[in-house]
Amino acid sequence: MNVSFERKKKGKDEWLTPPYILNALGEFDLDPCSPIKRPWQTAETHYTKQDNGLTKRWFGRVWCNPPYGNQTEKWLAKCVKHKNAIALVFARTETKMFFKYIWEKADAVLFIKGRLRFYHRNGIEGDSAGAPSVLVAYGKANVKALLKSKISGIFIQLR
Ligand SMILES: C[S@@+](CC[C@H](N)C(=O)[O-])C[C@H]1O[C@@H](n2cnc3c(N)ncnc32)[C@H](O)[C@@H]1O
């Protein structure tokens, strides 16, 4: 099966977070961008495409592995506004989006060592992603969660 995430267009929105990442970060109140049929819970409450998680009210501690491509920016903007979130995005550190919503606004980042293997909606693990990933913390508690997560990588506190 060819599952090189980021290189492949079909199903590109449905790259599910490896469970070990979520387990290492503690419990989340809300996942505002979740599949309609999900193999596991990522938070206490999930919003899907049918709800449009971008327009709904966000609450509590948010887990945000957003739709990728040109959609990502809107989700990061909402994380910045919400101030209590961890986002998982590709580490495209030179982009305008990265500067505007991460370098200039996030509280900390953890560049994950190696390449993640995202999962499919059926719960099966895919091949390595086509790019490196970074976890982005908004809010002090989420900075602490990154620090104590023991996820391999490089942690940088930004503010
Ligand atoms: C990269 S996947 C991440 C899924 C899950 N959050 C996780 O961490 O495993 C992004 C998810 O966002 C969903 N999605 C796309 N547009 C959405 C919208 N407007 N509102 C809510 N969810 C949406 C997709 O169906 C997909 O399941």
Side-chain angles (χ1 to χ4, degrees), residues 1-93 95 97-98 101-102 106 108-139 141-142 145-146 149-153:
M1 199 183 341
N2 172 15
V3 216
S4 53
F5 295 103
E6 198 184 50
R7 297 187 199 112
K8 196 170 177 239
K9 287 216 162 115
K10 193 163 173 277
K12 67 177 181 178
D13 271 357
E14 302 293 343
W15 306 342
L16 309 192
T17 306
Y20 82 88
I21 296 278
L22 286 157
N23 293 339
L25 294 172
E27 296 194 348
F28 290 90
D29 298 304
L30 174 69
D31 180 343
C33 41
S34 174
I36 294 162
K37 284 191 180 168
R38 66 191 77 88
W40 43 69
Q41 302 287 101
T42 48
E44 186 69 31
T45 300
H46 303 82
Y47 296 153
T48 69
K49 270 182 189 166
Q50 288 170 342
D51 307 306
N52 191 2
L54 265 180
T55 55
K56 300 264 290 182
R57 188 181 72 84
W58 287 17
F59 58 87
R61 183 168 187 244
V62 167
W63 169 250
C64 186
N65 169 8
Y68 279 39
N70 57 14
Q71 292 300 304
T72 305
E73 185 163 2
K74 297 175 197 162
W75 295 88
L76 287 181
K78 191 126 175 170
C79 288
V80 168
K81 229 174 158 186
H82 184 62
K83 298 187 177 80
N84 183 9
I86 296 183
L88 173 65
V89 294
F90 283 133
R92 299 296 193 201
T93 56
T95 57
M97 177 179 80
F98 208 98
Y101 301 108
I102 299 176
V109 285
L110 194 165
F111 289 95
I112 297 171
K113 189 173 180 183
R115 297 274 172 104
L116 287 182
R117 286 171 176 266
F118 291 95
Y119 279 68
H120 300 283
R121 275 174 300 180
N122 60 8
I124 292 174
E125 189 182 42
D127 292 337
S128 292
S133 296
V134 61
L135 288 160
V136 187
Y138 299 92
N142 293 312
L146 287 192
S149 71
K150 299 205 173 87
I151 294 169
S152 289

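Note that ligands are numbered from 1 as they come in the structure, with each ligand's atoms numbered from 1 the same way.
Ligand 1 places these atoms under 4.0 Å from at least one heavy atom of W75: 17 (C), 18 (C), 19 (N), 20 (N), 21 (C). Counting the atoms of ligand 1 from 1 in the order shown, those under 4.0 Å from a heavy atom of P35 are 4 (C), 27 (O). Set against the non-hydrogen atoms of T17, the atoms of ligand 1 under 4.0 Å away are 7 (C), 8 (O), 9 (O). With ligand atoms numbered from 1 in the order given, ligand 1 contributes 20 (N), 21 (C), 22 (N) to contacts under 4.0 Å with heavy atoms of T48. Close approach to E14 involves these atoms of ligand 1, each under 4.0 Å from a residue heavy atom: 24 (C), 25 (O), 26 (C), 27 (O). Annotation for ligand 1: atoms under 4.0 Å from non-hydrogen atoms of D31 are 5 (C), 6 (N). Applying the 4.0 Å criterion to heavy atoms of G53 picks out, from ligand 1, the atoms 18 (C), 20 (N), 21 (C). Taking every heavy atom of L16 and a limit of under 4.0 angstrom, the matching atoms of ligand 1 come to 4 (C), 9 (O).
Ligand 1 has at least one atom lying under 4.0 Å from a heavy atom of P32. Contact analysis puts W63 in contact with ligand 1, with a non-hydrogen atom separation below 4.0 angstrom.
Judged by distance alone, the side chain of D51 and the main-chain N or O of G53 form no donor-acceptor pair under 3.5 Å.
Contact between F59 and V62 at its shortest, heavy atoms only, is O-CG2, 3.8 Å. Between T72 and P66, the shortest heavy-atom distance links the atoms CG2-CG, 3.9 Å. Contact detail for F118 and S133: the closest heavy-atom pair is CZ-OG, 3.9 Å. Nearest heavy atom pair, residue P39 against residue R121, reads CD-O, 3.4 Å.
Checking L30, L25, D31 one by one against F28, the side chain to side chain contact (heavy atoms under 4.5 Å, CB included) holds for a single residue, L25.
For ligand 1, the polar-atom distance check against W15 finds no nitrogen or oxygen pair separated by under 3.5 Å.
Note on ring orientation: taking the six-membered ring where Trp is involved, the planes of F111 and F98 are parallel (angle under 30°, cut-offs 30° and 60°).
Of the heavy atoms in P66, only backbone atoms (N, CA, C, O) come closer than 4.0 Å to ligand 1.
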Side chain to side chain contact (heavy atoms under 4.5 Å, CB included) for D127 and R115? Distances and angles first, verdict last.
CA-CA 9 Å; D127 292 337; R115 297 274 172 104; over 6 Å; no
